[in-house]
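What follows is one structure encoded as structure tokens, with my remarks underneath.
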Amino acid sequence: MLTRDSLAITLVLFLRWIAWVDSQYPSSGNMASDERFGHRFQNSPRNLFSKVVENEDEGADSKFNQALVSPGGLLHTISKNYFRSCSLTIFYESSTSDLALQLRLTLASWGVKMYFLEKDVLLRQNTWARSICDGFFFLITKGEALVEHASIDHFRSVPYRPDFLPPSLWNYKANYVVLLLDPQGPKPKELVELFNFRKTENLAILHRSQNTVKVWTHVLYTEVIGLEVVDTWFHGKLHRGNVFPKKFDNFHGAKVRVATFELEPFIVYAKDDSGNFVGRIGVDMQVIDGLSRAKNFTVDFFEVSDDEKWGNRYPDGSWDGLMGQVFSEASDIAVCNVFIDGPRWGLIDYSFPYNYMPACFVAPSPKPLPNWQSPTLPFAWSTWISIGIAILVGGVLLYPLATLGVKEESAVFRSLSYNYLYILSSITAKGVIKEPKHLPSRLYIGFFWIFSLIVSTAYSANLVAFLSVAQMEPPIDTLKQLVDSGLRISGNSIWKSLFEMSTDKAVLDLVPKMELDADYHTILDRVQAGEFAFIQNRQFLELNRDARYSSGGRASIRIVEECFMNYNVALTLPRNSPLTDNLAKTLMKIFESGLLQIWKEEVVNYVHRRYRKENEATTVIELSMVRPLDLSHVQGIFYILGIGYLLSVLILAFEVIVRPTKKEEKGEFLY
């Protein structure tokens, strides 16, 4: 008995013999010999085998269709030239089942799947499973199921859920071959305008015209989807041999819609001396210009509103801003310092990243401390507390040393108030009236004088600097300090989404503080005023700090040192856009060339010059860090003196009030 493996080997050898026999009947190369071609195919062993299996019709159309799938036929040639290492799938209708089976038999050396073309099959996710290379054949006469399925945006055909991405029911990276066999069926023009075919680069529509087959494909990114013949098959061969031409090496001037808005230094609106708009410059705009030159396309710009910027999501799942433009496919590209981020991944496509930078907060620069604090600034509060404790202990300890020794000290040292005045005089370098006479007291006072000398010298040396140089508040350098600062936090909605995903407590504490509706036109002015901290990429913040908020070498806004990791910057494109892969190589060349740094320097210099012109008429009062002393600088000293006056008056008033009572107790009366 023959085993199953033996039968399979026998069948393969038989099919190879059929292919060899077919190859011995070369076509005549003449259109007039089409009958002879059909007769050769009809009498080949391969066709005899098909008669037994398929009970094929003997008409002229049948002979022609058989020629399409025979070894050396059109579909077989396309498979051999383009799909040799691909996973192939054949879709057929009732009227094309025989043809599909014959094609599968000729492609026995490939892994081929066959599906009856119906709605349920097309809605299965495994039907569109992707591999390194995929090819799909549609052999149709009516094609209703294909037309219906290809016309639907399946990604948005399910109810919106923020935690769910619907399965992709179309393989946009595959090669598609659609054979139209019925003159009354769908036309090539109708197919190329369907939603999913518009986003599929490699499409070949085979349409019979008498005894030839024209190979049609679409021309994308034109006002109306174009259609052109890329090859013709007759006399058993393709005359150009280019069924899937490269469409994006040259756009031939076609328009590409680009959404953007102004954000220095990435997109800058250049203006003439009269303030009229003359064009766009900037790092990102140079990238778009480089792509348009390399690919020969023209750019049709669309400006999103200042309120939308990068985009915000609404409860129904829709977006506005740049995100809304590409998500709704109203624009082909969105550009303006777009970070590649997790929350939007899967909803849109990102190009190859061509730039990177960290995101940082900008906060108000430290403000000068009030001048009345100057006398206290030479020492930290911990130092002042330690000195106070030393004085407190020093006065108390001097009393027992003066009273408990073998020889008593002068009577003045047996007064606790005098002891404190004595200790204080040593701190202030004031000469004393009495000196201790005995060794314990002298030893103690000597060491205290050494302590007082060091403290008073250090204080005096630092006091000059703190009185004459403006002292600033401690700067905000960490996110924790930013949280504790009490500043309001502003930024785009994407930052709130990213912060919510963090495991850092300081970052999570920023989430409830985020305000997403702040006016971007005035936000940096409000940062300068001490109301807000604002998050944006470091290049943007550095440019504005240096060009708009610096004077006399001092900036009024400050970038918080603790930034976030570097983010990749990329173009944003609609989901499954055919441009995503086709622009990648050009973007990589731009990145590797070092042009980005040159473009950045050019636009930064331009912006600096523009702001310099705008501020030429503005009088700027520069504050010197070293200043002569006036009354405002030493006001703290007068505050200390005032406190002394006040305490003395209060004590005197207390004594005046209580003095008559004491005299009454002694029997003394004043008349």
Side-chain angles (χ1 to χ4, degrees), residues 7-27 34 36-117 131 133-141 174-181 204-206 208 211-213 215 231 233-238 241 243-244:
L7 288 173
I9 294 172
T10 304
L11 179 59
V12 171
L13 292 174
F14 179 62
L15 292 175
R16 289 184 176 178
W17 175 74
I18 292 173
W20 177 83
V21 173
D22 284 343
S23 66
Q24 305 307 306
Y25 294 89
S27 61
D34 193 55
R36 180 179 172 186
F37 175 78
H39 179 72
R40 176 190 64 80
F41 185 83
Q42 181 182 10
N43 291 287
S44 69
R46 174 71 186 177
N47 193 50
L48 293 176
F49 179 75
S50 298
K51 283 184 180 182
V52 174
V53 176
E54 307 293 346
N55 192 23
E56 185 67 64
D57 191 305
E58 297 293 338
D61 287 344
S62 175
K63 295 177 182 178
F64 187 83
N65 292 343
Q66 293 173 26
L68 293 175
V69 300
S70 65
L74 175 57
L75 298 182
H76 186 276
T77 300
I78 292 175
S79 301
K80 181 177 64 175
N81 293 345
Y82 297 98
F83 303 144
R84 183 170 292 277
S85 301
C86 296
S87 174
L88 298 182
T89 303
I90 300 173
F91 295 91
Y92 63 92
E93 299 176 321
S94 299
S95 56
T96 60
S97 58
D98 295 341
L99 193 63
L101 181 57
Q102 293 177 46
L103 177 61
R104 181 176 185 179
L105 290 173
T106 63
L107 303 178
S109 58
W110 285 277
V112 182
K113 296 181 290 186
M114 287 183 63
Y115 293 113
F116 183 75
L117 185 57
S131 62
C133 174
D134 296 291
F136 293 94
F137 287 93
F138 289 87
L139 312 181
I140 62 175
T141 53
N175 296 332
Y176 286 80
V177 177
V178 182
L179 177 61
L180 304 179
L181 295 172
I205 300 176
L206 313 181
R208 179 179 175 182
N211 292 324
T212 65
V213 176
V215 182
D231 214 331
W233 183 81
F234 61 93
H235 285 185
K237 66 178 182 180
L238 290 167
V243 173
F244 298 109

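Any value given below was found using the heavy atoms of this structure, including those in side chains, with hydrogens, waters and symmetry copies removed.
Considering every non-hydrogen atom in both M114 and A100, the closest pair reads CE-CB, 3.6 Å.
Each of L99, L74, I205, I140 was compared with L179 under the side-chain contact (heavy atoms from CB on, under 4.5 Å) criterion, and only L99 meets it. When the options L107, L68, V69 are evaluated for a side-chain contact (heavy atoms from CB on, under 4.5 Å) with H76, the one that passes is L107.
Relative ring orientation between F83 and F137 is described as perpendicular, the plane-to-plane angle rising above 60° on a 0-90° scale split at 30° and 60°.
By the side chain to side chain contact (heavy atoms under 4.5 Å, CB included) test, D231 pairs with V215, L238, H239, R240, sequence neighbours left out. Applying the side-chain hydrogen bond (donor to acceptor under 3.5 Å, both in side chains) criterion to D134, with sequence neighbours excluded, gives S131, N171. Residues satisfying the ring-ring contact (aromatic ring centres under 6.0 Å, His included) criterion with F91, sequence neighbours excluded, are Y115, F138.
With contacts defined as side-chain heavy-atom distances shorter than 4.5 Å, the pair L206/L75 qualifies. Side-chain contact between L88 and I90 is absent, with no heavy-atom pair separated by less than 4.5 Å.
Residues in residues 77-94 take part in these side chain to side chain donor-acceptor pair (under 3.5 Å) pairs, two or more places apart or across chains: E93-T141.
Note that CZ of R208 is 6.5 Å distant from CG of N65, once rounded to the nearest 0.5 Å.
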